[in-house]
Amino acid sequence: VSRLKVTLIAIGSELLSGQVLDTNSAFLARELTALGFRTIRIAVIDDIQSQMVDEIRTALCDSDLVLTTGGLGPTSDDCTRHAVAEAASLELSTSEDAVARLTAHAERRGRPLNKASFRQALFPRGAEILINTVGTADAFITDILSRNSVKVPVVSLPGPPRELTHVFAEQVSPRLQTRFSIRTAATLCFRCFGLSESHVGSVVDTLTLPESVRVAYRPHFPELLITLSLNPADAEHTDGANYLEQAFSMIAAGIGPEFIFTRDANQHLADALAALLRERGLRLATAESCTGGLLAHKLVSSPGASDYFLASIVSYSNSAKEVFLGVKPSLLEAVGAVSEETARAMAYGVKNRIGADIAVSITGVAGPDGGSEEKPVGTVWIGIAMGQEVIANRYHLPFERNAMRLYASALALDLVRRKILGHPLTWETK
Ligand code: ATP
Ligand code: MG
């Protein structure tokens, strides 16, 4: 099957000056690939109307679909709508509905509608308007005749990534699926932590999975996302979903099911732990040294975190460990801050002082300086206190400073998850 071809056009001078990374195109390319399209070109261009027109015309020669991002704002450098109209040889016309929405939006903010905003109510005549519910710039689809007289949809999306992803998921993806008669092939995703991609790959290679299942690995440091999908030829097979389930069970048994923390492609470790803490009605507190609050940052990223997260003490110095966590000066003197005893005392201290059900502590040498022969850079102790029990594990994390902090935070989240679920708290590094 020849796949439908797509050109992406990212518009904005900030993308060319290196101030902003073009994450919009990466997002769209991923989504479109998952829908079965093939992205044949990604163009990044300046906010110059004539360049946009040229780029759109070039795309119309060899693409079944064109998407533009950016340049839909109210200022005079935002001229994507003008460029699309010119490429389509259409007039721009004002949408009264869009004017009404913009007016209502301005009123809610207690301001009169700015004259420049009227620009955002202009669309190429006949274009389908896709309402943007998270911003003011509506998206639109303009059908433009290519040289061989095929109607090619040109989709124009707002630049702010949050708006783009929202409008794409809500409005564009369903329309593309209808228009191009796409049936989304079944997939099964899961995420694991604590195993390398190569280890999981070598385990999978020893298994005899159902023939029509393909396995794709995508590292999201420090997590690993694995997607099982059906070969396109088998995508419509009535047993497809069963094949995926079978393959999943075999892989889970092969790598150890406790390494898999979710079957939701978009759920990170912190989200998975949040769901677990909420389900069990447990409240967590943390004591952080080398991660400097990164663990707390991860824990409060999900809405409603106050249901399960009580506090994090960022006790970077020895004196902070003494004052806020009750770690004894004599202990710190005797064994040092990066030690089993200190990790345990930190977890114990924060649990009792805050009144949490479970607590986790992190203390380590993030580097690049400060290592010793006994405690080289990358040494981390993580402590867990739950009920009457307090334990600590030692790790060596051979990463650069910030990657090490990220990994240590993930380890702490994973140990709490394992503790609650009764999984082993130690494992061989693979
Ligand atoms: P606005 O109404 O905010 O002006 P717009 O549709 O005109 O929206 P731009 O002005 O091009 O969009 O960009 C708005 C914001 O989105 C900027 O902060 C820009 O850095 C960001 N942005 C634009 N294009 C991209 C892209 N391709 N990848 C990532 N961020 C982008
Ligand atoms: Mg703009």
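The structure presented is a predicted model; accordingly, all values stated were derived computationally and were not measured. Both ligands and their constituent atoms are indexed starting at 1 by order of listing.
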Salt bridge check: are [X] and [Y] linked by an N-O gap of less than 4.0 Å?
| X | Y | result |
| --- | --- | --- |
| D307 | R283 | no |
| R179 | D143 | yes |
| R175 | E128 | yes |

Could you work out, for [atom], the closest of [options] by heavy-atom distance?
| atom | options | value |
| --- | --- | --- |
| atom 11 (O) of ligand 1 | G71, G12, A10 | G71 |
| atom 4 (O) of ligand 1 | P161, G135, A26, G73 | G73 |
| atom 24 (N) of ligand 1 | T68, N24, D78, D77 | N24 |

(message) Parallel, tilted or perpendicular: which one describes the rings of F193 and Y407, with boundaries at 30° and 60°?
(response)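 Geometry flag for Y407 against F193: tilted rings.
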For ligand 1, which atoms sit closer than 4.0 Å to a heavy atom of [X]?
| X | answer |
| --- | --- |
| T23 | 28 (N), 29 (C) |
| L15 | 25 (C), 26 (C), 27 (N) |
| G70 | 6 (O), 11 (O), 12 (O) |

Is it the case that ligand 1 has an N or O less than 3.5 angstrom from some N or O of [X]?
| X | answer |
| --- | --- |
| L72 | yes |
| P160 | yes |
| G159 | yes |

(message) Please determine whether any non-hydrogen atom of L21 lies less than 4.0 Å from an atom of ligand 1.
(response)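 L21: in contact with ligand 1 (<4.0 Å).
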(message) Tell me whether ligand 1 is touched by S25 - counting only heavy atoms on the residue side and a distance under 4.0 Å.
(response)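 Contact absent.
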(request) Any pair with a residue in residues 102-128 that passes ring-ring contact (aromatic ring centres under 6.0 Å, His included), sequence neighbours left out, goes on the list, sorted by first then second residue, please. (result)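 Found F123-F140.
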(message) Once you restrict to heavy atoms under 4.0 Å, what part of V20 touches ligand 1? Side chain, backbone, both or neither.
(response)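 Contact part for V20 vs ligand 1: side chain (C-beta onward).
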(message) List the residues meeting side chain to side chain donor-acceptor pair (under 3.5 Å) with T33, not counting sequence neighbours, and say none if there are none.
(response)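 Testing T33 for side chain to side chain donor-acceptor pair (under 3.5 Å), a comparison that skips the adjacent residues, returns none.
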(message) Quick one about S156 and T68 (side-chain donor to acceptor, distance below 3.5 Å, no hydrogens or angles considered), yes or no?
(response)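 Yes, side-chain donor-acceptor contact under 3.5 Å.
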(request) Using a cut-off of 6.0 Å, state whether more than 12 heavy atoms not belonging to E279 lie near its atom CD. (result)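 Count over threshold, so yes.
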